[in-house]
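So that the names make sense, note that chain A is the first sequence line, chain B the second, and so on, each numbered from 1.
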There are 2 protein chains.
Amino acid sequence: MNATPHWLDPEQKAAWDSFIRMQETLIGRLSRRLQADSRMSAADFVVLAGLTESEGGRMRFLDLTKRVEWEKSRMSHQIGRMAKRGLVTREECPDDGRGAYIVVTPEGYRAIEEAAPLHVEHVRRLFVEAITQEELDTLGRISARVLAHMERQPD
Amino acid sequence: MNATPHWLDPEQKAAWDSFIRMQETLIGRLSRRLQADSRMSAADFVVLAGLTESEGGRMRFLDLTKRVEWEKSRMSHQIGRMAKRGLVTREECPDDGRGAYIVVTPEGYRAIEEAAPLHVEHVRRLFVEAITQEELDTLGRISARVLAHMERQPD
DNA sequence: GGGCATTGGTTGACGTGTCAATCATCAGCG
DNA sequence: CGCTGATGATTGACACGTCAACCAATGCCC
């Protein structure tokens with residue numbers, strides 16, 4: 001049958017395009033700033049943020065990857081790179097021979113404590129300040145709705 | 001002086017987190033779908049979309065990179081990969097010895113004509129359907145506002 | 001027309017992400 | 001105890017993006 005494709009109407013397309021452009025530009029800028037300010041990638045930041053919010057700055061590998069919602073292989077590569085740079089270490093897990101703990105080093109703490117305030121500042125400057133509190137709220141609600149919707153969708 | 005950092009308040013942070021999570025999940029799913037459905041990356045899609053919207057499916061290299069707002073080195077690598085897979089070709093530019101035209105091949109047309117309807121379907125299914133027309137509108141306006149704001153900001 | 005900054009584009013190195021395969025350990029069950 | 005399948009994690013190959021350096025034509029000005 002193959003009906004003619006069901007394209008977005010012009011207003012929908014405009015909204016979608018804006019969103020995509022915005023999102024790309026924003027994320028791009030933020031991560032370039034992070035890199036320039038703190039010699040740290042967005043990925044580094046996310047991992048350190050997740051880890052340091054946990055008691056003792058240590059977490060089981062899989063718990064960490066769940067917390068930040070990554071695939072385990074991505075996390076494994078990332079931890080490898082971060083370990084090489086001294087931001088985290090791997091420790092054996094006493095009660096499960098396969099398992100690993102990931103632990104923030106003092107270096108790692110230093111790094112994120114330096115980066116976080118600058119990062120927030122940029123989020124404010126580029127994003128929060130652009131819109132009203134109400135708009136920010138609305139955006140938050142819309143995002144939550146989309147997220148919930150996706151969770152109900154296959155794939 | 002170093003005042004204590006100006007963190008986001010809880011509502012702001014919640015909205016920001018939602019947005020980030022939504023955006024990552026959505027983009028992630030869409031590009032995995034694209035890859036699975038059409039053996040094509042999001043980058044391939046963007047480039048082909050830009051090119052095919054132009055008369056004759058051909059464009060000057062730099063015009064193309066401006067149209068999709070990429071850095072030229074990114075585009076150069078991307079074109080290289082796409083050329084290797086036969087989606088586009090490079091052609092010399094008669095009136096500027098340095099320049100290059102990028103041209104969509106028949107293969108390239110086939111590829112995007114197959115991919116586009118599926119892609120739109122997923123955008124609908126995962127995103128558009130999750131929210132009302134009005135919310136989509138609002139999101140578009142907010143995005144445009146953030147975009148405009150960023151354009152006025154350094155860096 | 002000879003120098004020289006500018007423009008158009010490529011390259012290489014490196015960090016990052018995905019997928020599929022692999023490996024070691026562990027839990028459950030006969 | 002000894003399989004067997006599930007769980008926790010790593011690996012390798014490859015696509016992608018960024019940065020900085022580079023190269024080759026071009027335009028321009030003296």
Just by distance, with hydrogens left out, do B/Q12 and A/D137 show a side-chain donor and acceptor under 3.5 Å apart?
-> no
Mind listing the residues from residues 60-68 of chain A sitting with a heavy atom below 4.0 Å of DNA chain D? Number order is fine.
-> A/R60, A/F61, A/L62
Are any of the side-chain heavy atoms of A/M40 and A/E114 separated by less than 4.5 Å?
-> no
Residues of residues 69-92 of chain B with a heavy atom under 4.0 Å from any atom of DNA chain C, listed by number, are B/K72, B/S73, B/S76, B/H77, B/R90
Boundaries of the DNA chain C segment in contact with chain B, non-hydrogen, under 4.0 Å = C/dT7 to C/dC19
Answer yes or no: is there a side-chain heavy-atom contact under 4.5 Å between A/S54 and A/R67?
-> yes
Quick one: does B/T52's side chain have a donor or acceptor within less than 3.5 Å of a partner on B/A49's backbone?
-> yes
Looking at side-chain heavy atoms only, is the closest gap between A/V88 and A/V103 below 4.5 Å?
-> no
Do B/W70 and B/L147 share a hydrophobic cluster (ILVMFWY, side-chain heavy atoms under 4.5 Å, transitive)?
-> no
Would you say A/D95 and A/C93 make side-chain contact, with heavy atoms under 4.5 Å?
-> yes
Is the side chain of B/T105 donor-acceptor paired with the backbone N or O of B/L87 at a distance under 3.5 Å, no angle test?
-> yes
Quick one: are B/M82 and B/L48 in side-chain contact, heavy atoms under 4.5 Å?
-> yes
With the side chain counted from C-beta on, respond yes when A/H149 and B/I131 share a heavy-atom pair under 4.5 Å apart, and no when they do not.
-> no
May I ask you to decide if the ring planes of A/F127 and B/W16 are parallel, tilted or perpendicular, using 30° and 60° as cut-offs?
-> tilted
Among A/K84, A/R39, A/R85, the one residue meeting salt bridge (charged side-chain N to carboxylate O under 4.0 Å, His left out) with A/D44 = A/R85
Stretch residues 95-109 of chain A: residues that reach within less than 4.0 Å of DNA chain C through a heavy atom = A/D96, A/G97, A/R98
Would you say A/L51 and A/V46 are hydrophobically clustered, going by side-chain heavy atoms of ILVMFWY under 4.5 Å?
-> yes
Identify every side-chain donor-acceptor pair in residues 20-37 of chain A under 3.5 Å, counting partners at least two apart or on other chains, and give the distances.
{"unit_1": "A/R21", "atom_1": "NH1", "unit_2": "B/E69", "atom_2": "OE1", "d": "2.4"}
{"unit_1": "A/R21", "atom_1": "NH1", "unit_2": "B/E69", "atom_2": "OE2", "d": "2.8"}
{"unit_1": "A/T25", "atom_1": "OG1", "unit_2": "A/R21", "atom_2": "O", "d": "2.6"}
{"unit_1": "A/R29", "atom_1": "NE", "unit_2": "B/D155", "atom_2": "O", "d": "3.1"}
{"unit_1": "A/R29", "atom_1": "NH1", "unit_2": "B/Q153", "atom_2": "O", "d": "3.3"}
{"unit_1": "A/R29", "atom_1": "NH1", "unit_2": "B/P154", "atom_2": "O", "d": "3.1"}
{"unit_1": "A/R29", "atom_1": "NH1", "unit_2": "B/D155", "atom_2": "O", "d": "2.8"}
{"unit_1": "A/R29", "atom_1": "NH2", "unit_2": "B/M150", "atom_2": "O", "d": "2.4"}
{"unit_1": "A/S31", "atom_1": "OG", "unit_2": "A/I27", "atom_2": "O", "d": "3.0"}
{"unit_1": "A/S31", "atom_1": "OG", "unit_2": "A/G28", "atom_2": "O", "d": "3.3"}
{"unit_1": "A/R33", "atom_1": "NE", "unit_2": "B/D155", "atom_2": "OD2", "d": "2.3"}
{"unit_1": "A/R33", "atom_1": "NH1", "unit_2": "A/D37", "atom_2": "OD1", "d": "2.5"}
{"unit_1": "A/R33", "atom_1": "NH2", "unit_2": "B/D155", "atom_2": "OD2", "d": "2.6"}
{"unit_1": "A/D37", "atom_1": "OD2", "unit_2": "A/H122", "atom_2": "NE2", "d": "2.8"}

Output the residues of residues 28-53 of chain A in contact with DNA chain D, where contact means a heavy atom of the residue under 4.0 Å from an atom of the strand; sort by number or write none.
-> A/R32
Tell me, please, which residues at least two apart from B/E92 pass side chain to side chain donor-acceptor pair (under 3.5 Å).
-> none
B/R145 (side chain) donor-acceptor with B/G140 (main chain) under 3.5 angstrom = no
Quantified as the angle between the terminal helix axes (five pairs each), what is the overall bend of the helix from C/dG1-D/dC30 to C/dG30-D/dC1 to 10 degrees?
-> 10°
Short heteroatom pairs, N/O only, protein and nucleotides 2-4 of chain D, under 3.5 Å:
none

Would you find more than 12 non-hydrogen atoms of other residues, nucleotides or ligands less than 6.0 Å from B/E11 atom CD?
-> no
Measure from the side-chain N and O atoms of A/S143 to the backbone N and O of A/L139, and report whether any donor-acceptor pair falls under 3.5 Å.
-> yes
Atom CD of A/E134 and atom OG1 of B/T138: how far apart are they, to the nearest 0.5 Å?
-> 10.0 Å
Can you list, pair by pair, the side-chain donor-acceptor contacts under 3.5 Å of residues 55-64 of chain B, counting residues two or more places apart and other chains?
{"unit_1": "B/R58", "atom_1": "NH1", "unit_2": "B/E91", "atom_2": "OE1", "d": "3.2"}
{"unit_1": "B/R58", "atom_1": "NH2", "unit_2": "B/E91", "atom_2": "OE1", "d": "3.2"}

Listed by chain and number, what are the ring-ring contact (aromatic ring centres under 6.0 Å, His included) partners of B/F45, not counting sequence neighbours?
-> B/H119
Heavy-atom count around A/E151 CD within 6.0 Å, excluding the residue itself: above 12?
-> yes
Among residues 112-120 of chain B, which contact DNA chain C at a heavy-atom distance under 4.0 Å?
-> none
